[in-house]
Amino acid sequence: MLIATHNVNSLRARLARFTAWLERVQPDVVCLQETKVTDDLFPKEPIEALGYHVAFHGQKTYNGVAILSKTPIEDVVAGIADFEDPQARSLSATTAGLRVRCLYVPNGKEIPSDKYEYKKAWLDALIAETRASWDPSQPVVLTGDFNIAPDERDLWDPEGWHEKVLCSTPERERLQALLDWGLTDAHRMHTDEAGQYTWWDYRQAAFRRAMGMRIDLFLISAPLVPRCTAVTIDRQERKGEKPSDHAPVLMELNDA
DNA sequence: ATGGCCATCATGGATGGA
């Protein structure tokens, strides 16, 4: 089966492009971030018409997450336990035999800033809920836009980005806490290569100049590690008319 | 040297993104 994550940077602005991609690629499960649409306006009809069940958790203008699946979606939970969050950034659900968590981690803006403090507190709450209520012996997928580049291979200018937001030690320590709980960065199971980016700034012709970061991740629990045969970044989808600034990432899992 | 793009809301320009 194929599971995808994609920060679409507005689902409605990207709808025609996205549904064309969905029809072509035929992923079994898709996690979307930055849908930027309230639940009453979520464009579920064109997605359901392509054979997908859909769960969503959105708000006006900013943020917003959704899970699409060819099989029924159950036990949907929005947000993080014991964390009052006005921003729609987490959606968990069971589908296709997986417990899936679709995440849009806060950006953090700059260090120091209120937004950076919010990012750290948000990640602390995610870690706490994961330790308290999730089971790494089950098939668990945490995926989405983590807004953290795991290591120096994952950003185009390590010196320029040194201890900047998305790369700072406190952020990476929090990502490591999730990994230490019992998750594996699926991309790194298959390659040590640097420069495997998933996001490129719209400015400065960053995509053409390979100025990007790998911040869209699949973190998988131990039962899924032997099933994961490939992780690919769909760079083609970053090209053309009105792309998102993120490329979709696809993970292939063998049957259990 | 700085910022250079894009989406939203709204209809100008601020905010946010990363």
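Keep in mind it's a predicted model, so treat the numbers as computed, not measured. In what follows, chains carry the letters A, B, and so on, assigned in the order in which the sequence lines appear, proteins first and then strands, with residues in each chain numbered from 1.
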**Request:** Round to the nearest Å and state the distance from A:H246 atom NE2 to B:dA18 atom P.
**Result:** 4 Å

Polar atom pairs (N or O), protein with nucleotides 6-8 of chain B, under 3.5 Å:
from: B:dA7; atom 1: OP1; to: A:R14; atom 2: NH1; distance (Å): 3.2
from: B:dA7; atom 1: O3'; to: A:S10; atom 2: OG; distance (Å): 3.3
from: B:dT8; atom 1: OP1; to: A:S10; atom 2: OG; distance (Å): 2.4

**Request:** Please work out which of the three classes, parallel, tilted or perpendicular, describes the rings of A:W21 and A:H6, given edges at 30° and 60°.
**Result:** tilted

**Message:** Starting from A:V8, can I reach A:I47 by hopping between I/L/V/M/F/W/Y residues whose side chains sit under 4.5 Å apart?
**Reply:** yes

**Prompt:** Can you find a side-chain donor-acceptor pair between A:E173 and A:Q176 that sits under 3.5 Å?
**Reply:** no

**Request:** Identify whether A:M1 and A:V25 are in the same connected component of the hydrophobic contact network (ILVMFWY, side-chain heavy atoms under 4.5 Å).
**Result:** no

**Request:** Nearest-nucleotide wise, let me know which of A:W161 and A:Q204 is further upstream toward the 5' end of DNA chain B.
**Result:** A:Q204

**Asked** Given atom NZ of A:K119 and atom C1' of B:dG17, what is their separation to the nearest angstrom?
**Response** 11 Å

**Item:** Whole angstrom value for the distance that separates C1' of B:dG17 from CE of A:M213
**Value:** 12 Å

**Lys/Arg-Asp/Glu bridge criterion (N-O < 4.0 Å) met for A:D180, A:R131** = no

**Complete:** From CZ of A:R208 across to P of B:dG4 the rounded distance in Å is 18 Å

**Item:** A:D216 CG to A:T143 OG1 distance, which is reported to the nearest 0.5 Å
**Value:** 7.5 Å

**Prompt:** According to a 4.5 Å side-chain heavy-atom criterion applied to Ile, Leu, Val, Met, Phe, Trp and Tyr, with indirect links allowed, do A:V141 and A:L179 form part of one hydrophobic cluster?
**Reply:** no

**Intra- and inter-strand pairs of DNA chain B in dot-bracket (Watson-Crick or G-U wobble, both distances under 3.5 Å; | for another strand)** = ....(((((...))))).

**Prompt:** For the pair made of NZ in A:K164 and P in B:dG17, what is the distance, rounded to whole Å?
**Reply:** 19 Å

**Rounded distance in Å - NZ (A:K115) to P (B:dT15)** = 9 Å

**Request:** Please say whether more than 12 non-hydrogen atoms of neighbouring residues, nucleotides or ligands are located less than 6.0 Å from NE2 in A:H190.
**Result:** yes

**Asked** Can you check whether A:Y104 has a side-chain N or O nearer than 4.0 Å to OP1 or OP2 of B:dA18?
**Response** yes

**Asked** Atom CG of A:D154 and atom P of B:dA18: how far apart are they, to the nearest Å?
**Response** 16 Å

**Request:** Indicate whether any N or O donor in one side chain lies under 3.5 Å from an N or O acceptor in the other, for A:N107 and A:Y116.
**Result:** no

**Request:** Determine: side-chain N/O of A:R214 to OP1/OP2 of B:dA18, distance under 4.0 Å, yes or no.
**Result:** no

**Request:** Can you tell me, in whole Å, how much space there is between the P of B:dA7 and that of B:dA18?
**Result:** 13 Å

**Message:** Reading DNA chain B from 5' onward, which residue's closest nucleotide shows up sooner: A:R209 or A:K109?
**Reply:** A:R209

**Prompt:** Just how far, in rounded Å, is P of B:dG17 from CZ of A:F146?
**Reply:** 17 Å

